[in-house]
Protein chains: 2
Amino acid sequence: MEFLTRMEEILLLTVHQLGTEAYGVTIKARVEELLGKSVSVGAIYVPLDRLTKHGLLKTWQGESSPERGGRSKKFYKLTRDGLAILRETKALSDSLWADATV
Amino acid sequence: MEFLTRMEEILLLTVHQLGTEAYGVTIKARVEELLGKSVSVGAIYVPLDRLTKHGLLKTWQGESSPERGGRSKKFYKLTRDGLAILRETKALSDSLWADATV
DNA sequence: TTATTTCTTCTAAATTATAGAAGAAATAAG
DNA sequence: CTTATTTCTTCTATAATTTAGAAGAAATAA
């Protein structure tokens, strides 16, 4: 089976945790918080697109919000496959560190 | 700070765990065991080289063993920086999964 | 000598990551 | 209205990483 890259792992997990509020801008903000540094929009959207193309994420267009700059948002959610591979990735990570003393 | 890619994480951890027996062939075997699939030699040596160039691993030539095919081995060990970044990567991984329910 | 084994080096191609310019779609301001 | 501003996404080019596997090197065995 194929494992996720670190960025893919971070993005899937972030989308999962953001629930109904997972779209480009909120995802980017959360990733920056996690990594403690700012990232470009490309660093977010390019892998999100790939994950979607690979069937690990699904997307839909939201309504435009009633605020200024209300371009409609593209929301993300894990597919069944996305959730499964995220679990497998966690399992790999766990077994990797299982008996490690660093 | 810069985080490790997944392969770098796996390699550093494997070198660490193999202790005095960490060289190309044993590392490759352990990684294959971890991932549950075979990998090419390039998939091992190329990133090992890069980690060495970046100062996270140090290397030295071992003696040739008294067995057939005894070309001398190139051993690897984590540097102080390598160990530090491995710890930081584990911390990232932990915080990533801290309050995750997948 | 030649074959065989273990191990590493090298190189090319595919994939992934990253930055940031550009574009699209909405409301606010004048 | 018309222009500015804001939020958000798309696009594109480049850099970095991964991967496969051919080739080469260094030893012992036949």
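Quick note on labels: first sequence line is chain A, next is B, and so on, each numbered from 1. Since we're looking at a predicted model, the values are computed, not measured.
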Strand partner of dT14(D), provided both Watson-Crick or wobble distances fall under 3.5 Å: dA17(C)
For the pair made of NZ in Lys28(A) and C1' in dT7(D), what is the distance, rounded to whole Å? 12 Å
Could you state the CD-P distance from Gln61(B) to dA25(D), rounded to the nearest angstrom? 14 Å
Can you give one letter per nucleotide of nucleotides 13-18 of chain C, 5' to 3': B if a protein heavy atom sits under 4.0 Å from the base, S if only from the sugar-phosphate, - if neither? ---SSB
Interatomic distance, Leu4(B) CG vs dA16(D) P [rounded to whole Å]: 17 Å
Mind checking who dA29(C) pairs with, Watson-Crick or G-U wobble, both distances under 3.5 Å? dT2(D)
Just the rounded figure in Å: distance from P of dT9(C) to CZ of Arg71(B). 6 Å
Carboxylate-amine/guanidinium proximity below 4.0 Å for Asp49(B) and Lys53(B): no
The test is side chain to side chain contact (heavy atoms under 4.5 Å, CB included); show your working for Arg6(B) and Thr89(A) and say whether it passes. CA-CA 11 Å; Arg6(B) 185 174 307 289; Thr89(A) 298; 3.6 Å; yes
Report the residue (Ser38(A) or Val25(B)) whose heavy-atom-nearest nucleotide on DNA chain C is the more 5′ of the two. Val25(B)
From NZ of Lys74(A) over to P of dG23(C), roughly how many Å is that when rounded to an integer? 19 Å
Looking at dA27(D), I'd like to know if its phosphate oxygens (OP1 or OP2) sit under 4.0 Å from a side-chain N or O belonging to Lys73(B). no
I need the OH-C1' distance between Tyr23(A) and dA26(C), as an integer number of Å. 13 Å
Apply side chain to side chain contact (heavy atoms under 4.5 Å, CB included) to Met7(A) and Arg50(A), showing your working. CA-CA 12 Å; Met7(A) 184 50 96; Arg50(A) 188 177 55 249; over 6 Å; no
Under 3.5 Å donor-acceptor, His16(B) side chain and Thr101(A) backbone: yes
Expressed as a whole number of angstroms, how long is the span from Asp49(A):CG to dC8(D):P? 17 Å
Taking Glu21(A) first and then Lys73(A), would you say they form a salt bridge - that is, a charged N and a carboxylate O separated by under 4.0 Å? no
Is Glu32(B) reaching over with its side chain to a backbone N or O of Lys37(B), donor-acceptor style, under 3.5 angstrom? no
Leu48(B) CG - dA20(D) P separation (whole Å): 15 Å
Any strand is fair game: report the nucleotide pairing with dA29(D) by Watson-Crick or G-U wobble, both distances under 3.5 Å, or none. dT2(C)
Among Asp81(A), Thr79(A), Val15(A), Leu11(A), side-chain contact (heavy atoms from CB on, under 4.5 Å) partner for Leu57(A): Val15(A)
